[in-house]
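Working notes for the structure below.
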Amino acid sequence: MKKLRMIVASVIVLAIVGSAFAFKAKAGRFCILTTTAPGNNCTTYTQCNKKITTSLLSPQWKYAPCWDQDQATCTAPNNGLCTATFRLADD
């Protein structure tokens, strides 16, 4: 019984640790504006293959923190959505 309990506990621990390593924080899409552009109007969105980073070597962007993934909303004129900044790097 002790061996069975130890095996079950080991499997659970391995599953938790394995899922932690399998998790990959990846950006799906971001509604963005370069910080060199004036204002807070987002102008485009990115398609996958980007991740958020803190590296100062990566370019900084303004983005819409509460974007609902609607591309028309992101590119609408005078939308005022891009109010926060972050850095994106290739994944």
Side-chain angles (χ1 to χ4, degrees):
M1 189 65 176
K2 281 187 175 184
K3 285 185 180 183
L4 180 61
R5 191 178 307 163
M6 189 169 62
I7 291 171
V8 170
S10 297
V11 168
I12 292 171
V13 168
L14 286 173
I16 292 171
V17 171
S19 66
F21 284 113
F23 178 77
K24 188 175 184 181
K26 192 173 183 182
R29 295 182 188 163
F30 297 103
C31 183
I32 59 173
L33 167 75
T34 59
T35 56
T36 57
N40 291 330
N41 296 320
C42 296
T43 55
T44 189
Y45 53 90
T46 62
Q47 297 280 350
C48 301
N49 300 329
K50 299 279 186 190
K51 65 181 179 180
I52 298 173
T53 183
T54 57
S55 171
L56 297 178
L57 301 175
S58 298
Q60 189 172 28
W61 304 85
K62 283 187 178 178
Y63 77 102
C66 297
W67 185 46
D68 62 359
Q69 306 293 317
D70 182 7
Q71 298 168 0
T73 303
C74 178
T75 57
N78 300 318
N79 56 41
L81 295 173
C82 288
T83 57
T85 59
F86 67 173
R87 295 181 184 278
L88 284 179
D90 290 331
D91 192 18

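- Taken from CG in Leu88 to NZ in Lys50, the straight-line distance is 6.5 Å, to the nearest 0.5 Å.
- Shortest non-hydrogen contact noted between Lys51 and Asp90 is CE-O, 4.0 Å.
- For a disulfide, the SG atoms of both cysteines must be under 2.5 angstrom apart; this holds for Cys74 and Cys31.
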Report task. Kindly indicate, with the supporting measurements, whether the criterion side chain to side chain contact (heavy atoms under 4.5 Å, CB included) is fulfilled by Ile32 and Thr44. Result -> CA-CA 6 Å; Ile32 59 173; Thr44 189; 3.8 Å; yes

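- Atom CZ in Arg87 sits 5.0 Å away from atom CG in Leu56 (nearest 0.5 Å).
- With Cys42 as reference, Leu81 is the one residue of Thr73, Leu81, Thr75, Thr83 to meet the side chain to side chain contact (heavy atoms under 4.5 Å, CB included) rule.
- The main-chain N or O of Gly80 is found under 3.5 Å from a side-chain atom of Asn41 such that the two form a donor-acceptor pair.
- Within the structure, ring pair (Phe, Tyr, Trp, His ring centres under 6.0 Å) pairs that include any residue of residues 51-91 comprise Phe30-Phe86, Tyr63-Phe86 (at least two apart or interchain).
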